[in-house]
There are 2 protein chains.
Amino acid sequence: MAKATASSDDAFARFKSYLREQRLKSTAQRDVIVEVFLEGSGHASVEELYGRVRKRNPRIGYATVYRTMKLLTECGIADERHFRNGEARYEIAEKEHHDHLICERCGKIVEFEEDRIEALQEQAARKLGFELRGHKMELYGICADCRRKKSRG
Amino acid sequence: MAKATASSDDAFARFKSYLREQRLKSTAQRDVIVEVFLEGSGHASVEELYGRVRKRNPRIGYATVYRTMKLLTECGIADERHFRNGEARYEIAEKEHHDHLICERCGKIVEFEEDRIEALQEQAARKLGFELRGHKMELYGICADCRRKKSRG
DNA sequence: GCGAAATTGATACTCATTTTCAGTTAGCCA
DNA sequence: TGGCTAACTGAAAATGAGTATCAATTTCGC
C-alpha cells in the first residue's frame, strides 16, 4: 500500500539484513515503524512518528518507536538530530553530509551544503591541535515566506 | 576571599545594577552564585555550579541556582549553551562572538572565531531566502593531548 | 521600623526518554 | 511441524534536567 521509492526499499532491506546479522528479530511492529519513517519527509519527531504509526497499528507503544528509531540510528539508516528545543528529530541518513537552516518563526528546516565552510572548519580545528571528527552547524533565521507574511501584516 | 579579576568585578557590578533597574532584590544567595560563576573557567553546568555554591553556603537550593543563572543570562552576563548531551552549560558572555571546538575524549572545550565561516554562513542563508538571525556551530574532534596519550598507550 | 513585593528552599511537577517486567513472539533445531 | 529460549513488546514506573508552587522569610522604599 505504502508508496515506496527505490531508495526506501533499499533502506528497508538494509534494515532487515542488519537485524539478521545482529541476530535480532524481525517483527511486524518494527516493519511498520521503519516504513512510516522511510515514507516521511524527514526531520520527524518521535511524537510525529508515533502518531503516524498508530494509524496503522494502534497497539504499538511509544517505547517501541523509541527502540526502533535507536536501532535505525545504529545501523546508519537514520540520523538523530537535536535542534533548539532539544527534542530528537530523525532524518533519513543521506550519503552526502549537510547542515541545517531553520526558520525561527515557522520551524521550517532546509538542508544545505557548503564545502568551503567544511574546509574552513577542518582548518580551524587543525590550527588548534584537534583532529576533526564531526561537527554540528545550524543556522537560524527567518524564511522568505515568513518575511513576506510579516510585512503584509 | 575570592580571587576576582577586574572584569569579574565589573560583571558583578553590572549584575547589581541590573537588579536595581528591574526592581529585583539583591540577596546573599545571588551574590554567592554570581561570584562562583564569575570565578569559574566557563562552560560550567548547573550541577557543577551548585556543588561549588554549596561549599560556601550549603543551604542554597538547586532551584535558586537555576533561577540566578537565568537572570544572569537575561542580563547578558552569561550565555547558555547546550552541547551534545543536552544539559545546559553557562559561559561568561564575551563581547566577540565565537564558536566551540570540543574534544570527544576528555570533554575539553576550546573557543574559536572564524570570520570567513561567518561570512559564508550569511551567504548560504541568503541564497536560500533566509534572513540570518543566529547560528550554532560546534566542532567535535580529538585534542592534541588526548592524541598524544593514546599513542603512548 | 513597616509592610508590600520579591525571594527562598523544599517539593511537586513536567516532558522527553529509558528502564522494568511479565507476558508474547520469532526463529533455530529436531 | 513442535518446542524452546532469547529477543521483543506494551504498560507503567523510573529517570533526569529543568520549572512551577507555596508557605515562610527577607529586602528595601517609605
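Naming: A, B, ... by sequence-line order, numbering from 1 per chain. Just the heavy atoms: all of them, side chains too, but no hydrogens, waters or symmetry mates, feed the values below.
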Trainee: For B:Asn85 and D:dG16, give me the distance from atom CG to atom C1', rounded to whole Å.
Mentor: 11 Å
Trainee: Pick the closest DNA chain D nucleotide for B:Glu80 and for A:Leu24 by heavy atoms, then say which residue is nearer the 5' end.
Mentor: A:Leu24
Trainee: Is the closest side-chain heavy-atom distance between B:Glu47 and B:Glu87 below 4.5 Å?
Mentor: yes
Trainee: Could you verify whether a donor N or O on one side chain and an acceptor N or O on the other, from A:Glu113 and A:His98, lie under 3.5 Å apart?
Mentor: no
Trainee: Take atom CZ of B:Arg59 and atom P of C:dT8, then tell me their distance rounded to the nearest Å.
Mentor: 14 Å
Trainee: Can you check whether A:Thr64 has a side-chain N or O nearer than 4.0 Å to OP1 or OP2 of D:dG10?
Mentor: yes
Trainee: If you go through the side-chain atoms of A:Arg67, does one of them form a donor-acceptor pair with the base of C:dT20 closer than 3.5 Å?
Mentor: yes
Trainee: Answer with base, sugar-phosphate or nothing: what part of the nucleic acid does B:Ala28 contact at a heavy-atom distance below 4.0 Å?
Mentor: nothing
Trainee: Using only atom types and a distance under 3.5 Å, with no angle test, would you say the side chain of A:Arg147 pairs donor to acceptor with the backbone of A:Ile142?
Mentor: yes
Trainee: To the nearest angstrom, how far is A:Arg84 atom CZ from C:dA16 atom P?
Mentor: 19 Å
Trainee: Among C:dT7, C:dT17, D:dT19, which nucleotide has an atom closest to any side-chain atom of B:Lys70?
Mentor: D:dT19
Trainee: Counting only side-chain heavy atoms from C-beta out, which of D:dC28, C:dG27, C:dT11 sits nearest to A:Ser26?
Mentor: C:dG27
Trainee: Nearest to the side chain of B:Glu87, heavy atoms from C-beta on, is which of D:dT9, C:dT17, D:dA17?
Mentor: D:dA17
Trainee: Where the side chain of A:Lys25 is concerned, which of C:dT8, D:dT9, D:dA6 is the nearest nucleotide?
Mentor: D:dA6
Trainee: So does A:Thr27 get a side-chain nitrogen or oxygen closer than 4.0 Å to the phosphate oxygens (OP1/OP2) of D:dA7?
Mentor: no
Trainee: From the options C:dT8, C:dT17, D:dA7, select the nucleotide whose nearest atom is closest to the side chain of B:Arg30.
Mentor: C:dT8
Trainee: Nearest whole Å is fine: how far is D:dT15 P from A:Tyr62 OH?
Mentor: 21 Å
Trainee: Atom CZ of B:Arg89 to atom P of D:dA17: distance rounded to whole Å?
Mentor: 11 Å
Trainee: Between A:Glu47 and B:Thr68, name the one whose nearest nucleotide on DNA chain C is closer to the 5' end.
Mentor: B:Thr68
Trainee: Roughly how many Å is it from CG in A:Leu19 to P in C:dG27, rounded to a whole number?
Mentor: 9 Å
Trainee: Less than 4.5 Å apart, side chain to side chain, heavy atoms only: is that true for A:His82 and B:His82?
Mentor: no
Trainee: Could you tell me the separation between the CG atom of A:Asn57 and the C1' atom of D:dG10, rounded to a whole number of Å?
Mentor: 11 Å
Trainee: Within the side chain of B:Lys136, is there an N or O that forms a donor-acceptor pair under 3.5 Å with the backbone of A:Arg84?
Mentor: no
Trainee: Whole angstroms only, please: what is the OH-C1' distance between A:Tyr50 and D:dG10?
Mentor: 9 Å
Trainee: Check whether any side-chain N or O of B:Tyr66 sits under 4.0 Å from OP1 or OP2 of D:dG18, and answer yes or no.
Mentor: yes
Trainee: Can a donor-acceptor pair be found, under 3.5 Å and without considering hydrogens, that links the side chain of B:Arg116 to the backbone of A:Arg116?
Mentor: no
Trainee: Nearest to the B:Gln29 side chain among C:dT17, C:dT18, C:dG9, which nucleotide is it?
Mentor: C:dG9
